[in-house]
Amino acid sequence: MAKEKKQEFVQHITPRDENFSQWYTDVVRMADLMDYTPVRGCIALKPYGNRIWELIREELDRRFKETGHENVSMPMLIPESLLLKEAEHVEGFAPEVAWVTQGGGEVLQERLAIRPTSETIFCTMFAQWVQSWRDLPMKYNQWCSVMRWEKTTRPFLRTAEFWWQEGHTIHATAEEAQEETLLMLEVYRSFCEDVLAVPVFSGQKSEKEKFAGARATYSVEAMMQDGKALQAGTTHNFGTNFSEPFNIQFQNKEGQLEHVHETSWGVSTRLIGAIIMTHGDERGLKLPPAIAPHQVVILPIAAHKGGVMEKCEEVYSALKQAGIRVKLDDRDHLSPGWKFNEWELKGVPLRLEIGPRDMENGVASYMRRDSFEKGALPLDDLVSGVKALLDSIQQGMFDLADAFKQERTKDVFNMAELNVQVQQGYARAMWCGERECEDRIKEETSATSRNMPFDQTPFADHCVCCEKPADKVMYFAKAY
RNA sequence: CGAGGUGUAGCGCAGUUUGGUAGCGCGUUUGGUUCGGGACCAAAAGGUCGCAGGUUCAAAUCCUGUCACCUCGACCA
């Protein structure tokens with residue numbers, strides 16, 4: 001009977017390998033991360049999902065400050081005239097901008113865009129704030145939400161409003177701007193891999209795929225468990241593309257006016273989608289300890305029996321004192337089996353059980369969410385045991401994801417091979433650099449160019465598509 | 001934006017073909033017994049049937065429109 005019921009429960013999550021998209025939406029809903037709202041395509045982050053985002057923010061913000069950035073806050077509304085100043089930029093964003101046309105019942109003289117991104121307003125303010133070479137660089141970041149009126153939406157991956165950070169910096173020289181662009185790309189790469197345990201491909205976007213208005217765009221691209229690509233973060237070098245129309249100038253050491261060189265970079269709540277689709281399994285979410293709202297959950301077994309709750313509370317305090325994010329699940333109307341499943345669904349990395357039998361043995365039983373491995377930790381040295389397990393889980397999750405990524409990435413030498421490979425993962429190919437070939441690959445395989453790795457050592461001499469001489473190494477994949 | 005599908009209690013669904021009192025399971029609340037992989041008994045609460053119009057004595061059910069969500073495409077950063 002119990003077994004039948006359990007199966008019934010598990011069936012609520014669509015099997016991952018049967019229908020990955022459906023599995024994803026099931027997990028998002030059941031893990032209680034978000035909910036839909038009355039506004040089309042706009043989601044509400046619930047406490048659990050919001051907490052994950054908070055932890056991501058804390059960790060990223062620390063890294064931004066370490067690299068010399070400061071936070072600012074800009075207005076949500078952008079006058080249309082500002083948006084129109086950079087031609088490529090407006091062309092790229094115009095179709096998905098939401099507009100405010102009235103305020104307090106009066107029709108506005110100029111309609112205001114709800115920011116789809118803040119380059120234009122940053123540029124406007126930079127122009128007022130910079131005068132001398134001594135003012136440079138200005139390295140600012142803001143945490144906010146932006147709005148893009150998307151045709152189809154999907155929780156975390158593409159929503160009409162989403163939460164993100166956008167860094168905007170201006171520099172005196174092209175070299176400095178390029179250095180900043182690559183530095184922030186590296187911050188994103190190490191954040192994804194070391195904190196989220198999400199291995200990524202780091203490299204430069206093609207002309208076709210770069211940001212509207214950028215001279216060069218770089219990205220970190222993750223691989224989901226269905227083999228598809230997810231762009232996890234981007235950095236852009238604008239050169240003087242924006243500083244010229246916005247007239248952001250400074251006086252150099254020689255007393256002459258020069259335009260600044262600008263960069264921007266961002267990551268969003270899409271990272272939460274990346275975590276789910278990189279690590280999740282048939283039982284639900286699987287969170288890396290570094291950003292798990294609860295790193296450890298303590299479950300009392302037979303809580304009414306003497307000393308069990310007291311011991312749980314003691315362990316809870318000790319772990320909390322040691323700086324571990326710990327949850328004591330003392331709800332007494334739920335059976336242990338129920339709680340096991342619920343916390344597994346929510347992705348808690350480590351479960352501790354404390355019951356009469358454990359107390360006799362002076363241990364706490366544990367189970368790792370990553371490998372389901374069970375064991376026991378001595379109560380008198382619990383903190384160091386838990387810390388070691390959390391470290392091991394963090395590493396184990398990365399290693400598993402990285403092995404998957406490598407297994408699903410192959411070199412291809414012609415269109416037939418490319419077509420086969422992008423059905424299940426990333427294809428590394430030699431590419432001539434022509435837009436025509438990129439378009440043809442998209443048309444025939446539905447895969448797009450992801451990015452060019454920094455190691456551009458050729459492994460063949462002709463283009464995967466047109467067979468003409470090629471010197472660019474490019475990753476292709478189907479993308480979210 | 002195109003093709004297909006779904007909207008009925010917090011969640012999962014039946015009822016729609018053939019119009020006639022709003023149903024089931026889980027969860028929730030209260031009381032009690034339990035507790036090492038989704039426990040049990042008893043009682044109770046909970047629904048504008050997505051929304052708007054129409055047909056009818058009567059609409060969850062038939063008709064029209066509309067909105068949202070899901071799947072696959074297209075588009076996009």
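Just so it is clear, the structure is predicted and the values come from calculations on it, not from any experiment. Letters A, B, ... are given to chains in the order of the sequence lines, protein chains preceding strands, and every chain is numbered from 1.
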Reckon A/T152 touches a base, only the sugar-phosphate, or nothing at all at heavy-atom distances under 4.0 Å? base
Using the P atom in both, what is the distance from B/U6 to B/A39, to the nearest Å? 34 Å
Quantified in whole Å, what is the P atom distance between nucleotide B/G53 and nucleotide B/G12? 28 Å
Of the nucleotides B/G37, B/A77, B/C35, which one has an atom closest to the side chain of A/R148? B/A77
Separation of the P atoms in B/G50 and B/U17, to the nearest angstrom: 15 Å
Which part of the nucleic acid, if any, lies within contact of A/G41, taking any heavy atom under 4.0 Å across all strands shown: a base, the sugar-phosphate backbone alone, or nothing? sugar-phosphate
Kindly write out the residues that satisfy ring-ring contact (aromatic ring centres under 6.0 Å, His included) with A/Y480, not counting sequence neighbours, or none if the list is empty. none
Does A/K205 count as lying over the ring of A/F211, i.e. NZ or CZ under 6.0 Å from the six-ring centre, within 45 degrees of the axis? no
Under 4.0 Å, heavy atoms only, any strand: does A/H89 hit a base, just the sugar-phosphate, or nothing? nothing
Has the side chain of A/T278 got a donor or acceptor atom that lies under 3.5 Å from a matching backbone atom of A/I275? no
For A/K374, report the nucleic acid contact type (base, sugar-phosphate, nothing); a contact means any heavy atom under 4.0 Å. base
Pick base, sugar-phosphate or nothing for A/E96, based on heavy-atom distances below 4.0 Å to the nucleic acid. base
Would you indicate what A/E150 reaches in the nucleic acid, counting non-hydrogen atoms under 4.0 angstrom: base, sugar-phosphate, or nothing? base
Listed pairs under 3.5 Å, donor-acceptor, residues 304-316 of chain A side chains, sequence neighbours left out:
residue: A/E310; atom: OE1; partner: A/G307; partner atom: N; Å: 3.4
residue: A/K311; atom: NZ; partner: A/E314; partner atom: OE2; Å: 3.4

Determine yes or no for a side-chain-to-main-chain donor-acceptor pair under 3.5 angstrom, with A/D26 supplying the side chain and A/T14 the backbone. yes
What is the pairing partner of B/A74, taking Watson-Crick or G-U wobble pairs with both distances under 3.5 Å in any strand? none
Across the strands shown, which category fits A/R351 at heavy-atom distances under 4.0 angstrom: base, sugar-phosphate, nothing? base
Please measure how far the P atom in B/C13 lies from the corresponding atom in B/U8, and state the result in whole Å. 9 Å
Taking only the P atom of each, what is the distance from B/G5 to B/U56 in whole angstrom? 30 Å
Give a yes/no verdict on base stacking between B/U34 and A/H304: centres under 5.5 Å, planes within less than 30° of parallel. no
Please state the C1' separation for the pair B/C41 and B/U34 - nearest whole angstrom. 11 Å
What is the nucleic acid contact for A/R40, judged by heavy atoms within less than 4.0 Å: base, sugar-phosphate only, or nothing? sugar-phosphate
Identify whether any heavy atom of A/P116 sits under 4.0 Å from a base atom; if not, whether one sits that close to sugar-phosphate; answer base, sugar-phosphate or nothing. nothing
If we take the C1' atom in both B/U71 and B/G65, what is their distance in whole Å? 25 Å
What does A/T234 touch in the nucleic acid at a heavy-atom separation under 4.0 angstrom: a base, only the sugar-phosphate, or nothing? nothing
Quantified in whole Å, what is the C1' atom distance between nucleotide B/G46 and nucleotide B/A68? 24 Å
Opposite nucleotide pairing with B/U28, Watson-Crick or G-U, both atom distances under 3.5 Å: B/A44
